Enquirer: 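Pasting in a structure now, in structure tokens, and then I'll have a few things to ask.
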Amino acid sequence: MEKLIVPGLLESLSQIAAYIMKAANQCGLDKKSAYKLRLAVDEIATNIIIHGYQEAGRSGDITVEAAINEAQLTVTIEDTGEPYDPTHHHLPSESDLSTSLEDRPVGGLGIYLVLEGVDEFQYQHDGDRNRNIFTMYTNQ
């Protein structure tokens with residue numbers, strides 16, 4: 001699929017979601033897997049916009065690219081925001097997840113959903129670019 005390049009603004013999230021759903025449809029992902037992928041991508045894109053750009057006093061684009069083959073869909077998101085590796089973030093424990101929302105520690109749930117929702121997730125930092133890579137297998 002052709003790359004999608006959008007401004008790093010919250011208003012761009014709907015375009016990113018539509019792109020992900022189109023890719024998921026093209027590669028034949030079932031509805032549940034497509035939803036999990038869209039949720040994972042939305043979480044990372046939202047974090048890029050809020051934490052990587054807005055809170056860091058930066059601006060920039062988000063590039064989304066889907067690569068489809070017979071076995072998998074790989075989505076890569078790149079940005080030039082503040083470097084952040086989601087795989088090194090504190091994740092909620094089992095007891096945190098069973099605690100009511102009012103009593104649960106803030107943070108980490110979105111990253112948990114990302115890591116649990118896709119078949120593979122990788123983060124890379126190359127020069128001034130953050131790269132988040134999501135993989136969903138299509139032959140399961």
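Note that this is a predicted model, so its numbers are computed, not measured.
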Enquirer: Restricting to pairs with a member in residues 69-78, which pass side chain to side chain donor-acceptor pair (under 3.5 Å), not counting sequence neighbours?
Expert: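 The answer is Gln72-Thr74, Glu78-Arg129, Glu78-Arg131.
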Enquirer: Heavy-atom distance under 4.5 Å between the side chains of Ile44 and Pro86, does that happen here?
Expert: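 Yes, close enough: below the 4.5 Å cut-off.
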Enquirer: Ignoring hydrogens, what is the shortest heavy-atom contact between Lys36 and Gly117? Give both atom names and the distance.
Expert: CB-O, 3.3 Å
Enquirer: How far does CG of Leu13 sit from CD of Glu43, to the nearest 0.5 angstrom?
Expert: 10.5 Å
Enquirer: Taking C-beta and beyond as the side chain, do Val75 and Ile133 meet within less than 4.5 Å on heavy atoms?
Expert: no
Enquirer: For Asn130, enumerate each residue passing the side-chain contact (heavy atoms from CB on, under 4.5 Å) test, keeping only those at least two apart in sequence or located in another chain.
Expert: Asp79, Pro83, Tyr123, His125
Enquirer: According to the side chain to side chain donor-acceptor pair (under 3.5 Å) rule, which pairs have a member within residues 21-33, sequence neighbours left out?
Expert: Asp30-Ser33
Enquirer: Can you list every side chain to side chain donor-acceptor pair (under 3.5 Å) pair that touches residues 12-21, not counting sequence neighbours?
Expert: none
Enquirer: Same cluster for Leu10 and Val6 if Ile/Leu/Val/Met/Phe/Trp/Tyr side chains link at under 4.5 Å?
Expert: yes
Enquirer: Do Leu4 and Ile62 have side chains that approach each other closer than 4.5 Å (heavy atoms only, starting at C-beta)?
Expert: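 No; the side chains remain at least 4.5 Å from each other.
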Enquirer: When rounded to the nearest 0.5 angstrom, what is the spacing between CD1 in Ile16 and CD1 in Ile48?
Expert: 7.5 Å
Enquirer: Please, which pairs that meet side chain to side chain donor-acceptor pair (under 3.5 Å) have at least one residue in residues 50-64, sequence neighbours excluded?
Expert: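 Residue pairs with at least one partner in residues 50-64: His51-Glu55, Tyr53-Thr80, Arg58-Glu82.
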Enquirer: Where is the tightest heavy-atom contact between Ile68 and Cys27, given as atom of each residue plus distance?
Expert: CG2-CB, 3.4 Å
Enquirer: Tell me every residue that passes ring-ring contact (aromatic ring centres under 6.0 Å, His included) with Phe121, counting only those two or more places apart in sequence or in another chain.
Expert: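 Partners of Phe121 by the ring-ring contact (aromatic ring centres under 6.0 Å, His included) criterion, ordered by chain and then number, come out as Phe134.
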Enquirer: Measure across Leu73 and Thr138 and return the closest heavy-atom pair with its distance rounded to 0.1 Å.
Expert: N-CG2, 4.2 Å
Enquirer: First locate atom CZ of Arg38, then atom CD1 of Ile20, and finally report the distance between them rounded to the nearest 0.5 Å.
Expert: 10.0 Å
Enquirer: Between OG1 of Thr135 and CD of Gln122, what distance do you get to the nearest 0.5 Å?
Expert: 6.5 Å
Enquirer: Following the transitive rule for hydrophobic clusters with a side-chain heavy-atom cut-off under 4.5 Å over Ile, Leu, Val, Met, Phe, Trp and Tyr, establish whether Ile5 and Leu9 coincide in one cluster.
Expert: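 Different clusters.
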Enquirer: Can you name the closest pair of heavy atoms from Val118 and Ala40 and give their distance?
Expert: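 Closest approach of Val118 to Ala40, heavy atoms only: CG1-CB, 3.8 Å.
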